[in-house]
Amino acid sequence: MGLVTTTEMFKKAYDGGYAIGAFNVNNMEIVQGITEAAGELNAPLILQVSAGARKYAQHSYLVKLVEAALIENDIPIALHLDHGADFDICKSCIDGGFTSVMIDGSKYPFDENIELTKKVVEYAHDKGVVVEAELGQLSGIEDDVNVSAENASYTQPDQVEEFVGRTGVDSLAIAIGTSHGAFKFKPGQKPMLRFDILEEVSKRLPGFPIVLHGSSSVSKKYVDIIQAHGGNLADAIGIPEEMLRQAARSAVCKINIDSDLRLALTAGIREVMWEHPEKFDPREYLKVGRAYVKEVVEHKIKEVLGCEGKAAEMSK
Ligand code: G3H
Ligand code: 13P
Ligand code: ZN
């Protein structure tokens, strides 16, 4: 099976009350861990690449790793650019084999965001590629953009119809209180998401796929392994899984996860290095990291996203 766009995935996810996992990839072990889990559970999948990942691993290596994953796993996979900052990076990914791109104009004023998004949509649609855009700002670090919690702003529901209508975008990321990274809430702070905003947005955009960024849960298991093996990640806090399950049942069709993969990979590497300081074969620690990545993704598919077995619903 070749790469697919997210169009059919989102339609089925919307109607079926589940969400597709969009997992960030940076190297072979991460690609393998994610795709082995999704392959065994027959789950449709989005693999996403940030500008930082392209800088680290290079575009062509990442595309070829994903193509290899398609040879090894008979599931629909979309290859997506995460947080495209400008037209040029979107164009480069569209021309370079991606089936989906995000143009993140959320830091610009409304009309500028529309103008930029529309330009990307026109170019992408002409080549059969779909586009995600963002309205509202999440706190946290996105590549070169560091949005502080004070500057993060929720999506304003009264803007979404005009934004989608004028841009022709295929899906919309909204800000309802999730944030990037492993420190999403302060210790003692009650995790809170604005489900009222999500509901209002979905009422205004019936049938339209919504995207949630910053959706790692920061599982205690991997933080504890990291802490027990020389790490220092005290006070790491993520989005409670019950909230993500609630989102997945709603208009949210794509849930973005990166930090949980980083924690899992780091936990495996730290565990082996700390317990076996004599080992220096990278395969020995990377395979444990890769197994933890796979375990995390299995858990998400089964317990959070609800997309186990859903690849069977997609046309071949
Ligand atoms: O949204 C940000 C993603 O976690 C990607 O992070 O830009 O460090 O690759 P990165
Ligand atoms: P996390 O940092 O919560 O994993 O979010 C990742 C993300 O939104 C990628 O775009
Ligand atoms: Zn994001």
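Atoms within each ligand, like the ligands themselves, are counted from 1 in listed order.
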When the aromatic ring centroids of H80 and F23 are compared, is their separation below 6.0 Å? no
Ligand-residue contact atoms, ligand 1 with H83, heavy atoms, under 4.0 Å: 1 (O)
Could you identify the single nearest non-hydrogen protein atom to atom 2 (O) of ligand 2 and state the distance to 0.1 Å? S259 OG, 2.7 Å
Just which atoms of ligand 1 are under 4.0 Å from any heavy atom in D82? 1 (O), 3 (C)
Test E295 against K221 for salt bridge (Lys or Arg N to Asp or Glu O under 4.0 Å), laying out the working first. CA-CA 11 Å; E295 186 178 75; K221 171 174 175 176; 2.8 Å; yes
When every non-hydrogen atom of A248 is compared with those of V304, the smallest separation belongs to CB-O, 3.8 Å
Heavy-atom contacts with D258 under 4.0 Å: which atoms of ligand 1 show up? List them by number with element. 3 (C), 4 (O), 5 (C), 6 (O)
In the protein, which heavy atom is nearest to atom 7 (C) of ligand 2, and how far is it? H180 CD2, 3.3 Å
With respect to the Zn ion (ligand 3), what is the nearest N, O or S atom of H213? ND1
For atom 9 (C) of ligand 2, which protein heavy atom lies nearest, and how many Å away is it? D82 OD2, 3.1 Å
Which one holds for S215 and ligand 2: side chain close, backbone close, both close, or neither close, with close meaning a heavy atom under 4.0 Å? backbone
Contact between L45 and I20 at the side-chain level, heavy atoms closer than 4.5 Å - yes or no? no
Write down the atom of G168, the atom of H125, and the distance for their closest heavy-atom approach. O-CE1, 3.3 Å
So among I210, T6, V211, which one has a side chain to side chain contact (heavy atoms under 4.5 Å, CB included) with K254? V211
Partners of D95 by salt bridge (charged side-chain N to carboxylate O under 4.0 Å, His left out), sequence neighbours excluded? K91
Under 4.0 Å from any heavy atom of H180, which atoms of ligand 1 are there? 1 (O), 2 (C)
Is it the side chain (CB and beyond), the backbone, both or neither of K55 that lies under 4.0 Å from ligand 1, heavy atoms counted? neither
With backbone taken as N, CA, C and O and side chain as the heavy atoms from C-beta onward, which portion of N24 lies under 4.0 Å from ligand 1: side chain, backbone, both, or neither? side chain
Using a heavy-atom cut-off of under 4.0 Å, does the side chain or the backbone of N24 touch ligand 2, or both, or neither? side chain
Strictly under 4.0 Å, does any heavy atom of Q48 approach an atom of ligand 1? no
Using distance alone, decide if ligand 2 has a nitrogen or oxygen within less than 3.5 Å of any nitrogen or oxygen in H213. yes
Hey, mind stepping through E313 and K12 against salt bridge (Lys or Arg N to Asp or Glu O under 4.0 Å) and telling me if it holds? CA-CA 8 Å; E313 294 180 353; K12 298 262 160 67; 5.7 Å; no
Starting from atom 8 (O) of ligand 2, locate the nearest protein heavy atom and write down its residue, its atom name and how far away it is, to 0.1 Å. G214 N, 2.7 Å
Quick check on contacts: which atoms of ligand 2 are under 4.0 angstrom from a heavy atom of H83? 10 (O)
Please tell me if the side chains of T35 and E72 come closer than 4.5 Å, counting only heavy atoms from C-beta onward. no
What I'd like to find out is whether the side chain of Q189 reaches to under 4.5 Å of the side chain of I237, using heavy atoms alone. no
If you round to 10 degrees, what value do you get for the angle at the Zn ion (ligand 3) between H83 atom NE2 and H180 atom NE2? 100°
min-distance protein heavy atom vs atom 3 (O) of ligand 2 -> K184 NZ, 2.5 Å
For ligand 2, find out whether one of its N or O atoms is nearer than 3.5 Å to an N or O atom of G181. yes
Which atoms of ligand 2 are found less than 4.0 Å from any heavy atom of I257? 4 (O)
Over 12 non-hydrogen atoms of neighbours within 6.0 angstrom of CZ in F195: yes
If you compare all heavy atoms of I30 against all heavy atoms of V25, which two are closest, and at what distance to 0.1 Å? CG2-CA, 4.0 Å
Please list, in number order, the atoms of ligand 1 under 4.0 Å from a heavy atom of S50. 5 (C), 7 (O), 9 (O), 10 (P)
May I ask you to test the Y108-I114 pair for a side-chain heavy-atom distance under 4.5 Å? no
